[in-house]
2 protein chains.
Amino acid sequence: MPMRNQRDLTIYEIAKAAGVSRSTVSRVLTGHPNVKPATRMMVEKVIEELHYRPSSVAQGLARGQLNMIGLLIGDIRNTFYAEIARGVEDIAHEAGYMVVICDTDYDIKREQFYFHGVQQFALSGLIVMSVLDQQELIPVLQSIRCPIVMLNRYVRSFDTDVVLVDNVEGSYLATRHLIELGHHRIGHLAGSALSTASRDRTLGFQRALEDYGIEREDSDIQEGDLTIERGRRYGQWWLEADSRRRPTAIFAANDLMALGIIDVLASHGVKIPDDVSIVGYDDLPLTGLAPISLTTVRQPHYDMGVTAMTFLKQRIEQKVENVQRKIFRPELVVRKTTGPQRNE
Amino acid sequence: MPMRNQRDLTIYEIAKAAGVSRSTVSRVLTGHPNVKPATRMMVEKVIEELHYRPSSVAQGLARGQLNMIGLLIGDIRNTFYAEIARGVEDIAHEAGYMVVICDTDYDIKREQFYFHGVQQFALSGLIVMSVLDQQELIPVLQSIRCPIVMLNRYVRSFDTDVVLVDNVEGSYLATRHLIELGHHRIGHLAGSALSTASRDRTLGFQRALEDYGIEREDSDIQEGDLTIERGRRYGQWWLEADSRRRPTAIFAANDLMALGIIDVLASHGVKIPDDVSIVGYDDLPLTGLAPISLTTVRQPHYDMGVTAMTFLKQRIEQKVENVQRKIFRPELVVRKTTGPQRNE
DNA sequence: AGGGATTTTGGGAGCGGTTCCAAAACAGCT
DNA sequence: AGCTGTTTTGGAACCGCTCCCAAAATCCCT
């Protein structure tokens, strides 16, 4: 039987100390306008002096929602998510919300678990970077009774606030960059086909190829899972592929996979970018370091988190009416893992 | 006025549907033994069929603690913390706790804020990687009325469960490695002198020098803040220092700083390890990649998180009596940023 | 000063559970 | 059947706060 973590002051003590009723204290606490200024100041003084802090749990029960928000992400160990998380938290912190971290590990079971958790704890809101397929996601989303902001994902038939980056454009930029360097055998290691973000990146890739009249065999696109390990497997595949047919340039759907590829290739003596060019996606903080210098597509992760939380806050506080939408523009960062196609 | 996030089922509905009293439902919910097996099964069936989930907030109020724990860390963007966080969360998840993330940003104000938050929300427990000086930390810790596990830090005069890595040994290993390569001008870029972890690392460094009879000027140790930027500044300093007196090997108190140093040096054409050897500390996942291949000291971050949360869980559930303590042993990982001292 | 409108305050009923206590049901005995 | 002793159950108080409603206080006029 867990010990009860005792508290000392309740609103009742404050009321007594201030010589008013609990209701009045509650009013100053919640900023209700109908309190005589003198009374308000007096109560505030007592609160201050006694270092009273209301129980968020009791408030949560009475108000029907806890001052917390959930952040549903794949895996916090991926810096991509970590930066977003930090952006979310900074705003949440200012606004007085705590952030509950929900690592789904890209696992649907676990994601379901957290969706339930959000209900049970009556969280005030939820920022979602889900992995569920659209089909499955919709009913779940509808069953959630709190404000939701979708981040880097969207569901066409479900209108929520949403923060996006133009993934089509980002990968178009990356691919065009490779094309302009003279490459025409370009491989794409994609993300999961279930996520709109990944699908859009693949789309941008294909569109660029088309625009520049480059033929594409189906084998040029492989599906991945955004892990470094998957990148390593791709690297292995590349090493073993027919050297006259394998891509001379590779566009990976995220930096982690690009790094995995580089790891394998570099340790087998493949020269980058001389033997093969590589572009990633995300611009993780460490990929810009001199020894790596990955060419990649930058997304404003931190700001995405900030924006998502700002949207959510407004929604929770019902300061807005219409759906909020923000689309960031990605930016190509050319560094040293891409170079001109060498004559064959 | 935020909208109330409506719920549907309460314990009362279940009681009615099952034809028993709320108390009985509550008993089956909490696993109280005094329920007739037939009744229990019957109630469970109703709960199952109606998909009832008790409100964690109401439970929290009644029990005096919420089924959540806090994780107080510096900055989730640092993979070091992210891996720990993931270890913590995985265990918490199994045990039915949610994890609230508290990024202090190494800022005392913000740390205080979160300490208060823990109280207000009546969290069940707290895992602390604080930045506060011992002096300041003790009263704060004492004022917290919930179980605490200290992670990678300790306060001598305050007995809590603790999970540590032997930092003295780790940096001893790193330093000895450099000495054995023939270096005798070795620089140390330390962490904040306020944290026991950093102080211990400095201690191991000094001890190794002493053991091998190497003289040390005070300038060999510089205080840092564990950021990549600080590493860059150190790199800058090294570039500008008198080339006959500057260190031929550098031991950084964490990988991030080591990477910052490498970033600057590598982009100025300094050859690593030919011109200077560098050792980091942490073995972040990306530092092992071929282009970087940082020699470093490995700590089992994920397992540290797992252990901390396991300790905390036991403590919350009062399954243990005595203080729990676990000290992991670090491991030197020799890669390619360290090499023999070249004749001068 | 008196009367209606408005502001300020206190009382009390929730919010959805847990838990203590006493009553009810059920044993096992003689 | 009648009497203890143990399970099993329901009732009610409570956890700490919010918020509705009505009473009290204050204000502005005539």
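Naming: A, B, ... by sequence-line order, numbering from 1 per chain. Here the structure is a predicted model, which is why all the values come from computation and not from measurement. Computed from heavy atoms alone, side chains included, the values below leave out hydrogens, waters and symmetry copies.
- Residue A:Leu61 contributes atom CG, which lies 12 Å from atom P of D:dC19 at whole-angstrom precision.
- Proximity note for B:Lys36 (side chain, C-beta onward) versus D:dC17, D:dT8, C:dG17: the nearest is D:dT8.
- With hydrogens and angles ignored, the 3.5 Å screen pairs a side-chain donor or acceptor of B:Asp103 with a backbone N or O of B:Ile76.
- Taking side-chain N and O atoms only, B:Ser21 has a distance below 4.0 Å to OP1 or OP2 of D:dG10.
- Computed from coordinates, the B:Gln65 CD to C:dG17 P distance equals 17 Å when rounded to whole Å.
- Ring centroid separation for the pair B:Tyr114 and A:His93 comes in under the 6.0 Å cut-off.
- Looking at heavy-atom distances under 4.0 Å, B:Ser23 makes contact with a base.
- Nucleotide C:dG16 holds its P atom 13 Å from the NZ atom of B:Lys16, rounded to whole Å.
- Heavy-atom nearest nucleotides on DNA chain C were determined for B:Ser26 and for A:Arg27, and the one closer to the 5' end corresponds to A:Arg27.
- Whole-Å rounding puts the B:Ile11 CD1 to C:dT19 P distance at 11 Å.
- Distance from the side chain of A:Val20 is smallest for C:dG10 among the nucleotides D:dG16, C:dG10, C:dG16.
- Nucleic acid contact for A:Val25: none, since no nucleic acid atom lies under 4.0 Å from a heavy atom of the residue.
- Judged by distance alone with a 3.5 Å cut-off, no donor-acceptor contact links the side chain of B:Arg22 to the base of D:dG10.
- Phosphate proximity of C:dG14 to B:Tyr12: absent, as no side-chain N or O sits under 4.0 Å from OP1 or OP2.
- Atoms CG (A:Leu66) and C1' (C:dG17) sit 15 Å apart, rounded to a whole Å.
- The pair A:Glu89-B:Arg110 counts as a salt bridge, with a side-chain nitrogen and a carboxylate oxygen less than 4.0 angstrom apart.
- B:Gln59 has a side-chain polar atom (N or O) that falls below the 4.0 Å cut-off from OP1 or OP2 of C:dT18.
- Put simply, CG on A:Asn34 is 13 Å from C1' on D:dC20, counting in whole angstrom units.
- Between the CE atom of A:Met42 and the C1' atom of C:dT9 there is a distance of 12 Å, rounded to whole Å.
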Original post:
Where do B:Tyr302 and B:Asp90 land on the side chain to side chain donor-acceptor pair (under 3.5 Å) test, with the steps shown first?
Top reply: CA-CA 10 Å; B:Tyr302 181 85; B:Asp90 283 353; 2.5 Å; yes
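- Taking 4.0 Å as the cut-off between side-chain N and carboxylate O, B:Arg77 and B:Asp75 count as a salt-bridged pair.
- Close to C:dT9, at under 4.0 Å from its OP1 or OP2, lies a side-chain N or O of A:Thr39.
- With the nearest nucleotide of DNA chain D identified for both A:Thr30 and B:Thr24, B:Thr24 has the one nearer the 5' end.
- Summarising the geometry, the separation between NE2 on A:His32 and P on C:dT9 is reported as 11 Å, rounded to the nearest angstrom.
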